*Asks:* 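I am attaching a structure below and will ask some questions about it afterwards.
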Amino acid sequence: MNIVSADLLDALARSAPKASDTQTIRRPGAKFELQAWIDEHQLSVDGPTDWNGGQRWIFPVCPWNPDHTNRAAYILQLPSGAIAAGCHHNGCANKGWDDLRAVFEPRRPPAPDAPAAGDWEPPIPLHQGKLPEFPTGTLPGWLRDFVEAEAEATQTPVDLAAMLSLSVVAAATARKVVVRITPGYEEPLNVFTVTALPPGNRKSAV
């Protein structure tokens with residue numbers, strides 16, 4: 001057994017890191033302990049107070065602009081554990097949680113930037129298949145005559161007049177007529193249609 005002098009023990013104790021110099025160790029995937037982070041970095045905040053099921057801390061003085069002294073800056077922790085920060089002044093509109101951490105953790109690696117608009121690949125175009133023509137021959141004679149005449153008069157696709165006509169007929173017969181598919185199985189005549197054309201294609205006129 002070796003005997004160690006008291007002076008050597010004192011020197012060893014003085015070389016140990018102070019509590020304020022230590023960093024909080026967090027397990028991967030563990031919920032971020034925001035209050036511990038606030039205490040660790042000695043933030044001058046009021047709170048926490050309850051906020052929409054989570055918690056809120058208020059800065060008496062904005063950490064990004066000391067001229068903002070009207071308690072406009074904040075930190076939020078949502079019930080899910082997600083964290084947000086910001087300031088209600090327009091000059092700090094782009095500030096967030098990563099910016100706040102950058103103020104108090106200057107050695108922390110910056111968060112990766114989101115890809116710029118020019119970095120995205122071109123969108124994949126939707127398949128432009130050739131759709132079959134609307135089967136106007138399946139309509140009653142009087143309705144077929146109207147649909148085809150309306151399409152001719154307005155120079156629009158027959159699909160437009162046909163779909164709108166079916167909607168009108170369905171609205172007129174709703175709650176008055178039902179279709180009995182089999183005994184005990186009936187369906188109403190409700191029809192819901194969507195007609196989509198670019199602006200200026202006379203949808204309203206039809």
Side-chain angles (χ1 to χ4, degrees), residues 28-32 34 47-58 72 74-90 92-99 111-206:
K31 181 177 178 180
F32 189 90
L34 183 53
T49 57
D50 293 337
W51 184 86
N52 289 350
Q55 292 183 308
R56 178 176 63 177
W57 293 258
I58 298 294
Y74 58 88
I75 310 174
L76 303 175
Q77 186 158 36
L78 307 181
S80 65
I83 300 173
C87 176
H88 294 296
H89 284 268
N90 290 336
C92 297
N94 62 336
K95 301 299 184 184
W97 170 235
D98 286 329
D99 302 294
D113 293 332
D119 295 338
W120 294 100
E121 296 181 2
I124 300 174
L126 298 176
H127 179 63
Q128 299 293 330
K130 181 173 175 56
L131 299 176
E133 294 184 2
F134 190 94
T136 56
T138 61
L139 300 174
W142 61 270
L143 188 55
R144 174 182 179 179
D145 292 343
F146 168 77
V147 165
E148 293 179 348
E150 180 70 8
E152 179 69 23
T154 57
Q155 292 296 288
T156 54
V158 294
D159 314 57
L160 178 59
M163 296 295 284
L164 294 176
S165 297
L166 288 176
S167 299
V168 172
V169 172
T173 57
R175 299 187 180 182
K176 296 180 175 67
V177 180
V178 296
V179 177
R180 178 171 295 169
I181 311 300
T182 60
Y185 174 31
E186 297 178 348
E187 287 285 352
L189 296 185
N190 303 67
V191 176
F192 302 93
T193 68
V194 176
T195 55
L197 281 172
N201 278 268
R202 310 202 67 188
K203 295 187 297 295
S204 298
V206 174

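Quick caveat: nothing in here was measured; it's all calculated off a predicted structure. Values below: all heavy atoms of this structure, side chains included; hydrogens, waters and symmetry mates excluded.
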*Asks:* Do you know which two heavy atoms are closest between Asn94 and Asp99, and how far apart they sit?
*Replies:*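 Smallest interatomic distance, heavy atoms only, reads O-OD2, 3.5 Å.
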*Asks:* Could you give all pairs that pass the salt bridge (Lys or Arg N to Asp or Glu O under 4.0 Å) test and reach residues 178-204, with sequence neighbours left out?
*Replies:*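 Pairs touching residues 178-204 that pass the test: Arg180-Glu186.
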*Asks:* In Å and rounded to the nearest 0.5 Å, what is the CZ to CZ distance from Phe134 to Arg144?
*Replies:*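 Atom-to-atom, Phe134:CZ and Arg144:CZ are 11.5 Å apart.
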*Asks:* Testing the basics here: between Phe32 and Gln77, what is the closest heavy-atom pair and its distance to 0.1 Å?
*Replies:*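 Where Phe32 meets Gln77 most closely, the heavy atoms are O-NE2, 3.3 Å.
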*Asks:* Quick one: closest heavy-atom pair of Ala170 and Asn190, and the distance?
*Replies:*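 Shortest heavy-atom contact: CB-C, 4.5 Å.
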*Asks:* Hey, could you give me the CG/CE distance between Leu160 and Met163, rounded to the nearest 0.5 Å?
*Replies:*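 With rounding to 0.5 Å, CG (Leu160) is 9.5 Å from CE (Met163).
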*Asks:* Could you grab the distance from atom NZ of Lys176 to atom CG of Leu189, nearest 0.5 Å is fine?
*Replies:*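 Answer for the NZ-CG pair, Lys176 versus Leu189, is 11.0 Å.
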*Asks:* Locate the shortest heavy-atom distance separating Leu143 from Ser165; write the atom from each residue and the value.
*Replies:*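 Scanning both residues, the minimum pair turns out to be CD1-CB, 3.7 Å.
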*Asks:* Please name the pair of heavy atoms, one in Leu34 and one in Ile75, separated by the smallest distance, quoted to 0.1 Å.
*Replies:*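 Smallest interatomic distance, heavy atoms only, reads CD2-CG2, 3.7 Å.
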*Asks:* Output the distance between atom OG1 (Thr193) and atom CG (Leu164), rounded to the nearest 0.5 Å.
*Replies:*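 Atom-to-atom, Thr193:OG1 and Leu164:CG are 6.0 Å apart.
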*Asks:* Leu78 versus Asn52: any side-chain heavy-atom pair under 4.5 Å?
*Replies:*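 In short, these two side chains do not touch, never coming nearer than 4.5 Å.
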*Asks:* On a heavy-atom basis, which atom in Leu197 and which in Pro157 lie closest, and how many Å separate them?
*Replies:*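 Looking at all heavy atoms of both residues, the closest pair is CD1-CD, 4.4 Å.
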